[in-house]
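We're numbering straight along the sequence, starting at 1.
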Amino acid sequence: MSDPRIEPTMVKAPHGARTMEIQWADGHKSVLPHETLRGYCPCAVCQGHGGTIHFVPGGDLSLRDIQQVGNYALQFTWGDQHDTGIYSFRYLRSLCQCDACKPTFNPGSTP
């Protein structure tokens, strides 16, 4: 059985906006700024191979394309064509910094 905390029911990323919204099956709504998504890009180019997730500033924050990867992740193409990060749904939920999630914000941790 799937975990409703990491099952998106809606992804909204309007062209020109600087945030992406994800509605989750458990009723939670995450509003993720592009700066957060790009800064915490999980790819090896951005994060290296050390295993510790850290914020990497910079890059073009224009979200050009979103592709679903299987039934578990999204892949983004940014304005500078950076597209190597695969963001699992679990990882995306861990990036939420709403009032309820912010006290336990820890990118990459289990929601």
Worked check of side-chain contact (heavy atoms from CB on, under 4.5 Å) between His15 and Arg64
CA-CA 8 Å; His15 182 69; Arg64 300 292 182 199; 4.1 Å; yes
Any chance you could lay out the side-chain contact (heavy atoms from CB on, under 4.5 Å) test for Tyr87 and Tyr40, step after step, and finish with the verdict?
CA-CA 10 Å; Tyr87 297 71; Tyr40 285 110; 5.8 Å; no
Stepwise, does the side-chain contact (heavy atoms from CB on, under 4.5 Å) test hold for Val69 with Leu74?
CA-CA 5 Å; Val69 178; Leu74 298 177; over 6 Å; no
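Nearest approach of Met20 to Val11, heavy atoms of both residues: SD-CG1, 3.9 Å. The two residues His28 and Cys98 come nearest to each other via the heavy atoms CE1-SG, 3.3 Å. Closest heavy-atom contact between His82 and Cys41: NE2-SG, 3.3 Å. Heavy-atom minimum distance, Asp26 versus Arg5: OD2-CG, 3.3 Å. Scanning all heavy atoms of the two residues, the minimum distance from Val31 to Pro33 falls at O-CD, 3.5 Å. Smallest separation of non-hydrogen atoms from His49 and Ala44: CE1-CB, 3.5 Å.
Formation of a donor-acceptor pair under 3.5 Å by the Gln97 side chain with backbone atoms of Cys101 is not found in this model. Under a 3.5 Å cut-off, the side chain of Gln47 and the backbone N or O of His54 do form a donor-acceptor pair. Here the side chain of Ser30 pairs no donor or acceptor atom with the backbone of Cys96 at under 3.5 angstrom.
Considering OG1 of Thr36 and CZ of Arg18, their distance stands at 12.5 Å, rounded to 0.5 Å. Remark: Glu7 CD to Asn71 CG distance equals 9.5 Å, nearest 0.5 Å. Summarising the geometry, atom OG1 belonging to Thr19 is positioned 9.5 Å from atom CG belonging to Leu37; distances are rounded to the nearest 0.5 Å. Of the inter-residue distances, the one linking Ile86 atom CD1 with Tyr72 atom OH reads 5.0 Å to the nearest 0.5 angstrom.
Looking at Arg38 and Asp80, a side-chain N of the basic residue comes within less than 4.0 Å of a carboxylate O on the acidic one, giving a salt bridge. Salt bridge annotation for Arg93-Asp3: absent, with no cationic side-chain nitrogen under 4.0 angstrom from a carboxylate oxygen.
Met10 places none of its side-chain heavy atoms less than 4.5 Å from the side chain of Ile22. Between Tyr91 and Ile53, some side-chain heavy-atom pair lies under the 4.5 Å cut-off.
Gln67 and Asp65 share a donor-acceptor pair across their side chains, judged by distance under 3.5 Å alone.
In this structure, Trp78 and Phe76 have perpendicular ring planes: the angle between them is above 60°, well past the 30° mark.
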